[in-house]
Amino acid sequence: MASRRGRIRFNVGGKIFETTATTLANAGRHSMLGALLDDSWNPRQPAEGEAAEAEYFIDRNPACFAVLLDLLRTGELHVPPNMPEKLLNREALFYGLLDQVRAARWGPFDGNRLQLVDSVSGRAPGDGTAIRAGPDGGCCVAHGSMVHVYDWMLEEHRPISLDYQQVNDVGYIDAESIVISARERLGKGDGGMGVFSSSTGELRHRFRVSHYDQVKSFTAGALSLGSSDYKIFASCKGRCNEYGIGVWDQITGQQVDFFYEPPGCCLGDADKLQWLDGDKCLMVATLFPRTDNCFIGLLDFRDKSVIWSWSDAGTSVSLSLDEKRVLHAIAIEDSRSICVVNQYDDLGFIDLRSNAGGVRWSSRSKLTNRKAPNEESCYPKLATHDGQLFSSMNDGISVFCGPERVLTSTLRRSYGGSICDFSIGGDRLFALHSEENVFDVWETPPSPII
C-alpha cells in the first residue's frame, strides 16, 4: 500500500493520530504497531471522497497512545504528571512496547550517576534475609520462609512460600526462574534447594544431593549462579558430616559434582560463593560471625584441589575487641585480588598471586562512616560492576573507582535504617534496609539525545 510509505492514520479511542511508517518501524516487527506494516493487515478502506491514507481503529486509551507514539518518534519518554505509571505500562504491554518504555526510563548502569527513583515497602515487619536483582530489572526479597518477587515495574507477584523453612539464599537463573536454598528442619527431611517460577511462585524442580549413590537430605546455604557453562553451586551440610560444595546443571537440574570439605577448609558453612570465569574456579568465603576465623579459598573442580587459600587463623594468640574481622569478601579478577571489609568499614585487599600475603587494609571509615545515634548496625556488604566497587556502610553505599579504589560517590537516603543487603542487576541497584522492611531502587538516568 503506497500510503504505508507515507502517512498512516490511527483512530485511538475516538482521537485521530497521524504518523509515518518510519516512526512505526521503531517499534520493531514483533510489536503490534510494527506488525501493521505487513501486507497481511487489512485496514479500513476509505470511502468515496475520503483521503487515501490507511486508518486503523484501536479501542484503547488515547492519552497513553500519544505518549508511546512520541517515544517512537523521539526516543524519549515524557509522561504527564497526572498519568498513572501502571496505566502507561498496561498500554505499553498491549502494543508490545514494554522494552522500549523500560529502556527509555533508565540508561546503562553507572554507579556515579545513580538516582533514587523509588522506595518499596514490604508486607512483613522485621529484617529481610537478602535482596537479589533480576536480569530484567525486577528483584526478589527473602524474608524468613517467604520470598517476595517484584517485576521490573515493581509490581509484586505471588510470593514464594517454603512452609516455615528458613531461606538461606536466593538467586535468578533467568527472569522467570528463581533458585532458593533453605535450611533443613530437624526430623523433617526437607531443606535443600528448588527452582521456582517468578511469576506464579510454583515449584518447578527440587535439587537432590547424592552421596555414594544414596539421596540425602541437606541444608543448602550460599549460592552462585554465574558460571558460563550453566552450573549452580551451593554450600551444603548433610546430617552425617557431608560438608562441601554441590554442583548442579541449570538445564537438567541434575547433580554433576560435589567437592567434599578437606581438612582445614570450611566449605559447608560458606557465606559467599563466586564463580571466576577467567580462572575456571570457585571462590568460597566463610566469614565472621558464622565462624571464629575467616577462610577464603579458590576451588578447582577439575582435580578437586584448593589452588589458593587464606585464613586469619593463627594471626594472634588471643583476638582482642579491636581485632579486624573480615565480614564480607568479593573477588576482583581484573586486579587478581580479593577485596574484604571489616567491622570498621575498612576495605582490605588480598593478592591472589601469593599464598603468603596478608590483608592490605585501606581505611575508608573516616570518609564514609555516618552512623546515626542509636541506629542499629548491619554488617557491610561488597559488590562489583564494570570495574566499580560498591560497599554498604550503615545507611549508605559507597562507590570506589580506579585501580586505587578512590571514593567517587555515596548513595544514601534519609530513612529506613542501615542497609542489610544490596544487589546490582538489570541496570538497577536495590538496597534493603533493616529497621523498616523497605528497599530502595536506584537507576542511572538515560543519556540525553543530541
Side-chain angles (χ1 to χ4, degrees), residues 128-135 138-151 156-227 229-261 267-275 282 284 301 423:
T129 303
I131 189 166
R132 296 291 181 264
C139 74
C140 62
V141 180
H143 191 283
S145 62
M146 303 285 290
V147 176
H148 299 273
V149 183
Y150 301 83
D151 59 27
E156 186 174 2
H157 291 194
R158 181 180 177 182
I160 301 171
S161 175
L162 296 193
D163 189 24
Y164 303 103
Q165 300 176 61
Q166 177 68 39
V167 175
N168 285 331
D169 202 357
V170 61
Y172 283 85
I173 291 180
D174 51 46
E176 296 297 324
S177 305
I178 295 176
V179 177
I180 300 176
S181 66
R183 181 185 305 168
E184 179 187 10
R185 293 180 294 178
L186 185 62
K188 295 291 185 179
D190 48 19
M193 293 169 27
V195 178
F196 295 80
S197 166
S198 62
S199 56
T200 66
E202 295 177 345
L203 176 64
R204 290 178 170 174
H205 179 77
R206 184 172 180 180
F207 296 98
R208 307 289 182 180
V209 162
S210 295
H211 299 288
Y212 307 107
D213 296 326
Q214 291 186 343
V215 177
K216 301 281 189 174
S217 60
F218 68 105
T219 288
L223 296 170
S224 175
L225 308 173
S227 71
D229 54 353
Y230 303 102
K231 296 293 191 299
I232 299 174
F233 299 87
S235 59
C236 302
K237 294 195 300 182
R239 295 183 185 180
C240 301
N241 296 322
E242 301 108 343
Y243 282 28
I245 306 296
V247 189
W248 293 264
D249 188 289
Q250 287 187 15
I251 299 173
T252 66
Q254 300 302 308
Q255 179 187 347
V256 295
D257 209 343
F258 197 92
F259 195 117
Y260 288 95
E261 183 175 288
L267 305 183
D269 282 314
D271 297 272
K272 169 78 175 181
L273 302 182
Q274 180 184 351
W275 177 256
L282 183 75
V284 179
F301 282 78
S423 180

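Side chains are part of it too, since the values below use all heavy atoms of this structure and drop only hydrogens, waters and symmetry mates.
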R158 meets the side chain to side chain contact (heavy atoms under 4.5 Å, CB included) criterion, sequence neighbours left out, with none
Residues at least two apart in sequence or cross-chain that pass ring pair (Phe, Tyr, Trp, His ring centres under 6.0 Å) with F259, listed by chain then number, are F301
Sorted by chain and number, sequence neighbours left out, ring pair (Phe, Tyr, Trp, His ring centres under 6.0 Å) with Y172 holds for none
Measure the shortest side-chain to side-chain distance between I131 and Y150 over non-hydrogen atoms and say whether it is less than 4.5 angstrom. no
For H211, the ring pair (Phe, Tyr, Trp, His ring centres under 6.0 Å) test, sequence neighbours excluded, returns F258, Y260
Q166 side chain to R183 backbone, donor-acceptor under 3.5 Å: no
In short, salt bridge (charged side-chain N to carboxylate O under 4.0 Å, His left out) pairs touching residues 172-181 with sequence neighbours left out are none
* Between W275 and F233, how do the two ring planes meet: parallel, tilted or perpendicular, split at 30° and 60°? -> parallel
Taken in chain and number order and not counting sequence neighbours, the residues that satisfy side-chain hydrogen bond (donor to acceptor under 3.5 Å, both in side chains) with S197 are S199, T200
In short, salt bridge (charged side-chain N to carboxylate O under 4.0 Å, His left out) pairs touching residues 160-170 with sequence neighbours left out are R132-D169
With a 3.5 Å distance limit and no angle check, can you tell me whether S181 reaches the backbone of G221 through a side-chain donor-acceptor pair? yes
Sorted by chain and residue number, the side-chain hydrogen bond (donor to acceptor under 3.5 Å, both in side chains) partners of D229 (sequence neighbours excluded) come out as S227
Tightest non-hydrogen contact, residues A182 and N168, listed as C-ND2, 3.7 Å
dist S217:OG -> K237:NZ (nearest 0.5 Å) comes out at 12.5 Å
For F207, the side chain to side chain contact (heavy atoms under 4.5 Å, CB included) test, sequence neighbours excluded, returns V179, M193, V195, H205, I232, W248
Salt bridge (Lys or Arg N to Asp or Glu O under 4.0 Å) filter on D151, not counting sequence neighbours, yields none
Contacts of K231 meeting side-chain hydrogen bond (donor to acceptor under 3.5 Å, both in side chains) (sequence neighbours excluded), chain-then-number -> none
Taking every heavy atom of V167 against every heavy atom of A142, the minimum-distance pair comes out as CG1-CB, 3.7 Å
So CD of E202 and CZ of F196: to nearest 0.5 Å the spacing works out to 10.5 Å
CD of E261 to SG of C236, rounded to nearest 0.5 Å, is 11.0 Å
The reported gap from NE2 in H157 to SG in C140 (rounded to nearest 0.5 angstrom) is 12.0 Å
Taken to the nearest 0.5 Å, the spacing of I180 CD1 from I160 CD1 works out to 4.0 Å
For K272, the salt bridge (Lys or Arg N to Asp or Glu O under 4.0 Å) test, sequence neighbours excluded, returns none
Would you find a donor on one side and an acceptor on the other, under 3.5 Å apart, between the side chain of S198 and the backbone of I178?
-> no
